[in-house]
Amino acid sequence: MSDPVYNPAEIEVQVQQRWQENDAFRAREDAQGEKYYCLSMLPYPSGALHMGHVRNYTIGDVISRYQRMCGRNVLQPMGWDAFGLPAENAAIKNNTAPAAWTYANIDHMREQLKRLGFAYDWSRELATCKPEYYRWEQLMFTRLMEKGLAYRRDAEVNWDPVDQTVLANEQVVDGRGWRSGAPVEKKSITQWFLRITDYAEELLNGLDQLDGWPDAVKTMQRNWIGRSEGAEFGMDVCDAQGNSLAGAYQVNVFTTRPDTAFGMTYAVLAPEHPLVDKIATDTHREAVREFVASARATTELDRLAVDGSLEKRGVFTGAYLMNPFTRKPVPLYIADYVLMGYGTGAIMAVPGQDERDWEFAEVHGLPVVRTVEPPEGWQGKAWTEDGPAINSEWLNGLNMEEAKQQAISWLEEQGIGQRKVNYRLRDWGVSRQRYWGCPIPVIYCPDCGAVPVPEDQLPVVLPEDVTFMGVQSPIKADPEWRQTTCPKCGAAAERETDTFDTFMESSWYYARYCSPGAQSQLDERANYWLPVDQYIGGIEHAILHLMYFRFYHRLLRDAGMVDSDEPATRLLCQGMVIADTYYTESDDGHTHWVNPADVEVERDAKGKPLGAKRRSDGQPVNIGAVEKMSKSKNNGVDPQGLVDRYGADCVRLFSMFASPPDQSLEWSDSGVEGASRFLRRVWAQVMRHTSGGACVALDPARLNAGQKEIRRLLHDTIAKVSDDISRRYTFNTAIAAVMELSNHLAKFDDDSEQGRAVMHEAWLAIVRLLNPITPHICEALWAELGETSALYQAPWPEVDESARVRQQVTVVVQVNGKVRARLELEPGIDQDAAMAVAMENENVQRHVEDKTVRKIIHVPDRLLNIVVG
RNA sequence: GCCGGAGUGGCGGAACUGGUAGACGCGCCGGAUUCAAAAUCCGGUUCUGGCAACAGAGUGUCGGUUCGAGUCCGACCUCCGGCACCA
């Protein structure tokens, strides 16, 4: 390999071959060392890797390879989130089967990942669309049905009236079906749900323990769970005089502000509330019906008012509710600002203390009673903050918290209500009316109802060899697939033709990697590896995926399959990959986006961009914003082309160097060139060193000052890089530190025996420091430096603290806080001695002059600030 | 509207615990090499003034604390992301 010219294509293929032959990255449960499970979110096999994948998986690989070098027993697996809508869209478009399309994509993308040199244990690879994977998910679901954690109820879907099919949210474009262009309707159908709300409290409290998760993600999850404490209480329906009605109904309301109940001036039911039909009086029934119908047909978008808030629409029912606090009736309205899906779908309205109620009261001419005194001089509408209670009889004078507690106690004493906690979080609807997903393992029997498919009849296999006739799911269109017999009574019955939400598969794949081949969902190996020590993925999954997988982990725990409460102890969310955009405008006003690869930027003498032109025809183009790589802005950069041209190491290096992993990464072709230049320089420097032949052993006692200085820089660098990679995760600064060291080595012109020994020590260390980031070139240089072992098995370099002892330190001398000199002094010098040297300095003298020294601040070995006046 | 995050050279970014602002890289300028170009190597590069030594200014804005503030405190501005009638 000792080629004087760095040839990444050749080296990378050779090194990868050696890893494969040695099965270098297979994870074993019985291996030495503490376990370390490093997991990157699995990709959807869309067809080709994009830059976001490269970034995500390089971060994971850097961490994995570092941990391996530190002696940990590392598991780093990879798999495919293989079910999903794009396969169906491609199938309809190209007339192929989703399965064939998916498997072809997986094959291509697997090769791309291998070409990038990620240290995966490929023996654990999985694809979620395979029956041997999803059968366990089906079994789990049937168990959840038995436990009552999976249940059925009606829920709304987007219905395309022309294509006669349910649309996923992403298939609805501006309120119309993506293919038919017909306005989408809401339709209620029966669907399966998982009771994630049973775990709301635990999912919320668990966040407090997740110190290794970004605060942003934890905050988003807290808001999503949306815990609110308050009271729920019943109110009787009555007439305007407060007379109770025969066969009267009761309405339950939830409120977080029971302290304001004396200010209730009306009450509201959601349009979908079950009592809506029953409560309206004869004179109001027609108006109520009309309103409910129109509320169902109108989207939120249609109701956006000019100021961006939603129009407060509603209608009076003719009925009243008795306010138990005041013993006075309040009018009952129907309004669509009250949601059926939260609380009880009914509220007490207190315009004086709630902004929404204020707005509604304003529109409908309802009275306002203030029950909390706003601060003096306050000019707003509803006062929602703390203050002394007023107009509230026995609550008057109390603050918000005291009044709440009093009101709740009163409700409980009276037996009409109680303390209540509500969550925004809704149960997880897992039914999808799509083909390319895991079949929901349920059989519908006319007599026995919904029956879980028994274990010995699992998996319910999705047929893969299908043809799409239009947009219908092939298993919905095929009457034969549906036909079966009831497992309970043996009568003719039908299979469920809906499939699972694909978040179902991605909720437990991390655990299955730990039990490859197990004839159960998981086996005891899962407890060896779990929880995941480091999880890496995009922030776009902050809520859904990361909530579902925390939930599913608890389902696995409660089924006795894992011991831990949380699936992952640390989480890293990488930033977006962004790039410049360029465009031209045609005469008809259309914008045409030009790919950055086609553009050349012209600059002035200082490097400021002046303009840009298209390479192909020299025509000027406009410079747009720096935006997320996307097809629509035509600013995507294909990783494959870069790997072909510069090599995997270079692409990996630039991805890690351009910014810290959690920030957005601005792609730059010249930056990639810079990374490539660095690797070529490293290669050339090592070749120059090895061309001098073998080195003698390093003897620290015999080093001259220059040699000691290089050793000091080296061991400072080892310390910094170790800290950057293990604690700070700032791979960019780790690389910068190595670059700095290599710049010093390039100037270290010392062919003496000990000079070459120092150089040798330095390169052996650098090759290991860079190995997690650019493993191929490092493996080759490791051999070039005479090492016979494989680098992937080499230990992380150790810091020699004795080499870091400085002969001299730079002490900054300030006069009145301004830097006036930098002195090279012996370490440990005291204030008086430092002052003596400082005062000999001409520049310091000039600024001190004959002024009185009022104060001296001395930070040993760093700074001396002379305060004069 | 609410909740997060961020504002530092021409650009990406560094400065980790209040102590040298601009590491490292890109770009740009100058030089070497070359018939020439590419590649490579050397030097310079926050702004203003100065041949220079050096001086002054400077981390979104305004104010504060401190011997000393990019970093801490208060008020504000801008941008990005998330949620959005959740009672």
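Naming convention: chains lettered A, B, ... in sequence-line order (proteins, then strands); numbering from 1 in each chain.
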Pull out every protein N or O sitting under 3.5 Å from an N or O of nucleotides 40-45 of chain B, one pair per line with the distance.
{"from": "B:U40", "atom 1": "OP1", "to": "A:Arg680", "atom 2": "NH2", "distance (Å)": "2.8"}

Between N or O atoms, less than 3.5 Å apart, protein on one side and nucleotides 7-13 of chain B on the other: list the pairs.
{"from": "B:G12", "atom 1": "O2'", "to": "A:Ala658", "atom 2": "O", "distance (Å)": "2.9"}

Tell me the salt bridge (charged side-chain N to carboxylate O under 4.0 Å, His left out) pairs involving residues 649-678 of chain A, sequence neighbours left out?
A:Asp61-A:Arg652, A:Arg645-A:Glu673

Checking contacts here: which listed nucleotide (B:A87, B:C3, B:C67) is nearest the side-chain heavy atoms of A:Tyr342?
B:A87

If you only use heavy atoms from C-beta on, which nucleotide in B:G25, B:C54, B:A87 is closest to the side chain of A:Val338?
B:A87

Only one of A:Arg681, A:Met687, A:His689 passes side chain to side chain contact (heavy atoms under 4.5 Å, CB included) with A:Gln685, and that residue is A:Arg681

What's the CG-P distance between A:Asn816 and B:A69, to the nearest Å?
12 Å

Result of checking A:Val837, A:Asn841, A:Ile866 against A:Val813 for side chain to side chain contact (heavy atoms under 4.5 Å, CB included)
A:Ile866

For A:His847, answer base if it contacts any base atom (sugar-phosphate contacts may also be present), sugar-phosphate if it contacts only those atoms, and nothing otherwise; contact means non-hydrogen atoms under 4.0 Å.
sugar-phosphate

For A:Ile196, what residues pass the side-chain contact (heavy atoms from CB on, under 4.5 Å) criterion, not counting sequence neighbours?
A:Leu203, A:Leu425, A:Asp427, A:Trp428, A:Met547, A:Tyr548, A:Phe551

Centres of the A:Phe360 and A:Tyr266 rings: under 6.0 Å?
yes

For atom CD of A:Gln221 and atom P of B:G4, their distance in whole Å
16 Å

Quick one: which of B:C67, B:A87, B:C24 gets closest to the side chain of A:Thr255?
B:A87

Do A:Thr197 side-chain atoms and A:Arg426 backbone N/O form a donor-acceptor pair below 3.5 Å?
no

Which dot-bracket string fits RNA chain B when only Watson-Crick or G-U wobble pairs with both atom distances under 3.5 Å count, crossing pairs get [ ], and | stands for a partner on a different strand?
(((((((..(((......[....)))((((((.......))))))((((....))))..(((((..]....))))))))))))....

Mind listing the N/O atom pairs, protein and nucleotides 16-20 of chain B, below 3.5 Å?
{"from": "B:C16", "atom 1": "O2", "to": "A:Arg727", "atom 2": "NH2", "distance (Å)": "2.6"}
{"from": "B:C16", "atom 1": "N3", "to": "A:Arg728", "atom 2": "NH1", "distance (Å)": "3.2"}
{"from": "B:C16", "atom 1": "N4", "to": "A:Lys720", "atom 2": "NZ", "distance (Å)": "2.5"}
{"from": "B:C16", "atom 1": "N4", "to": "A:Arg728", "atom 2": "NH1", "distance (Å)": "3.4"}
{"from": "B:U20", "atom 1": "O2", "to": "A:Arg822", "atom 2": "NE", "distance (Å)": "2.6"}
{"from": "B:U20", "atom 1": "O2", "to": "A:Arg822", "atom 2": "NH2", "distance (Å)": "3.2"}

